[in-house]
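Some notes on the structure that comes next.
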Amino acid sequence: MTTPRVRYAPSPTGEPHIGNIRSALFNWLYARATGGSFIVRIEDTDQNRLVPGAFDAILDALDWLGLDQDEGPRVGGAYGPYVQSERLNLYTERAAWLVAQGHAYYCDCTSERLDAMRKAQQEAGRSPGYDRHCRERGLAPTDGTPTVVRFKMPTEGTITVRDRIRGEVSFEAGLLDDFVLLKSDGFPTYHLANVVDDHAMAITHVMRAEEWLPSAPRHQQLYQAFGYDMPELVHLPIILGPDRSKLSKRHGATSVRQFQEEGYLPDAMLNFLAMLGWSLDGETDVLSREDLQRHFSLERVVASPAVFDHAKLDWYNGTYIRALTPGALALQLAPLLEGQGWRVDPAYLARIVPLEQERLKKLSEAPEALAFFFNEPHPEAIVQSLPKGLDAATTKHALEAALHTAEHAEDWEPQALEAAYRGLAEGLDIKTGPLFGAVRVAVTGRTAAPPLFDTLAVLGRERVLARLRAAIGALG
RNA sequence: GCCCCCAUCGUCUAGCGGCCUAGGACGCCACCCUUUCAAGGUGGAGAUCAGGGGUUCGAAUCCCCUUGGGGGCACCA
């Protein structure tokens with residue numbers, strides 16, 4: 001068996017979509033698992049849909065996820081160029097060859113005629129498709145009249161393609177029309193460029209989303225007409241939104257960039273995406289990048305579509321955040337916190353990060369979660385959040401006592417502080433819950449926060465004293 | 001409308017004829033731990049394997065039909 005060569009072939013028409021990148025991931029994993037090559041080819045054959053910046057966005061997304069390429073526009077390779085607009089000569093030559101061989105023909109039907117034709121077909125209750133008006137006209141390309149090149153599909157018989165996931169799939173040839181190979185602007189369509197390049201780049205496995213399955217018989221006919229060997233077809237299950245329709249913008253975040261900005265970790269993303277349509281054994285669900293590269297196999301890719309479950313992604317992300325070393329997390333968080341305008345001292349950050357690490361689901365939550373380490377809590381927030389179990393007078397009295405305890409604490413360390421405050425609770429004859437709760441709110445402005453005494457220790461005595469005084473003042 | 005694909009807990013899935021009175025994970029609920037929130041631990045609810053026919057001694061697993069869902073029918077990819 002030859003070494004696999006697989007490819008990810010996106011169009012630079014916008015921000016890379018998460019469903020799209022999942023295809024990239026499966027290709028990459030297969031290449032890595034088999035010792036094959038992962039190739040990226042940019043399919044920019046639709047001049048009208050090009051979006052400036054999309055080219056870089058795609059490659060940046062791959063870089064962010066760590067899907068390193070063996071060949072591609074940024075890394076080069078022996079089969080380049082890896083951008084289709086730089087390969088136009090190849091397509092026009094191949095299209096002309098097909099015409100010369102009698103497999104294709106020129107067509108000058110106007111879009112008006114085609115529209116009218118389709119409309120009539122629909123109204124007659126037939127399925128839309130080119131009526132082969134120009135098939136036998138023997139047109140030659142002429143100046144002035146826009147022409148396209150169409151492929152001659154068989155008009156009868158059955159076309160059977162073999163898909164790695166689904167087995168044999170048959171199509172009635174007569175239902176497939178003579179599709180366009182070369183557009184009137186001289187650019188190839190997807191069908192032509194894809195087949196020509198996959199062959200030219202010695203691709204062994206075409207792995208793409210299932211939505212491409214209906215065009216497989218056309219491609220198969222093209223391979224046959226060219227006399228090319230057919231690569232193996234692998235149509236990956238599609239990713240659905242919660243409503244079970246194809247995942248799209250209206251389902252919320254779908255671009256890789258959005259996930260990156262929301263603070264998802266590449267490895268968490270990879271793990272989650274890999275489990276959408278593939279599994280190792282049905283038991284193991286946390287798999288590192290290395291595990292995935294080692295164990296990925298086509299045999300275990302399922303045929304049915306998968307719903308994108310945001311909650312599960314969040315769980316994966318939390319799991320991977322917790323697995324980070326505190327130092328690594330701090331490094332990730334520093335720019336986010338600095339973005340708030342906070343001066344982030346590395347030593348201070350190193351102390352607060354462990355306190356929040358197991359509570360974070362996304363990195364983007366950090367600024368809010370850690371805000372009280374940088375900003376003084378708002379007095380109003382304090383008053384509103386104070387424990388309801390105690391009346392105002394008792395609360396104030398408790399905080400005054402807490403202030404006193406803090407002022408006289410001998411050792412400003414978590415254990416010592418806890419001991420001192422437990423003693424205080426006893427002396428005040430208040431349960432530790434309400435007491436600690438009142439102090440927590442006074443010092444952090446929140447009812448939910450990291451362990452109180454660790455927090456006090458990190459905040460430092462001076463700030464704690466100031467905040468307790470402010471809280472007491474706010475109580476009037 | 002036509003063509004194609006798919007069908008196990010709400011979700012991701014294990015299962016490839018007997019090991020299944022269907023396993024794991026997320027989510028959910030309860031309890032434990034506990035100063036709050038998390039994290040962690042334990043337990044629970046949750047799928048008559050879409051429905052109906054076959055095949056077989058035996059079917060979630062094989063075949064057919066029905067139903068449901070999805071995808072595709074451009075000079076877009």
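Sequence lines set the chain letters: A, B, ... in the order given, protein chains first and strands last, and positions in each chain run from 1. Bear in mind the structure is a predicted one, so any value in this text is a computation, not a measurement.
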With C1' as the reference atom in both, quote the distance from B:U55 to B:C9 in angstrom, rounded to an integer.
29 Å
By the 4.0 Å heavy-atom rule, please label A:Cys109 as base, sugar-phosphate, or nothing.
base
Counting the atoms with a prime plus P, OP1 and OP2 as sugar-phosphate, which does A:Val441 contact under 4.0 Å by heavy atoms, base, sugar-phosphate, or nothing?
nothing
With a 4.0 Å cut-off on heavy atoms, is A:Arg244 in touch with a base, just the backbone sugar-phosphate, or nothing at all?
sugar-phosphate
Is NZ or CZ of A:Arg22 both nearer than 6.0 Å to the six-membered ring centre of A:Phe26 and within 45° of the ring axis?
yes
Check the side chains of A:Tyr264 and A:Asp314 for a donor-acceptor pair under 3.5 angstrom, ignoring hydrogens and angles.
yes
May I ask you to say what A:Gly125 touches in the nucleic acid, namely base, sugar-phosphate or nothing, with a heavy-atom cut-off under 4.0 Å?
sugar-phosphate
With no hydrogens and no angle check, just 3.5 Å: does a side-chain donor-acceptor pair link A:Asn20 and A:Tyr8?
yes
What about A:His219 and A:Tyr190, are their ring centers closer than 6.0 Å?
yes
Between B:A77 and B:G40, how many Å separate the two C1' atoms, rounded to a whole number?
48 Å
Under 4.0 Å between any heavy atoms, over every strand shown, what does A:Gly318 touch: base, sugar-phosphate, or nothing? Just pick one.
nothing
Look at all strands and tell whether A:Val148 reaches a base, only sugar-phosphate, or nothing, counting heavy atoms closer than 4.0 Å.
base
Ignoring backbone atoms, establish whether A:Arg446 has a side-chain N or O less than 4.0 Å from OP1 or OP2 of B:C37.
no
Looking at the side chain of A:Phe171, which of B:C76, B:G71, B:C3 is the nearest nucleotide?
B:C3
Classify the nucleic acid contact of A:Arg208 as base, sugar-phosphate or nothing, counting any heavy atom under 4.0 Å across all strands shown.
nothing
OP1, OP2 of B:A77 versus side-chain N and O of A:Arg49: anything below 4.0 Å?
no
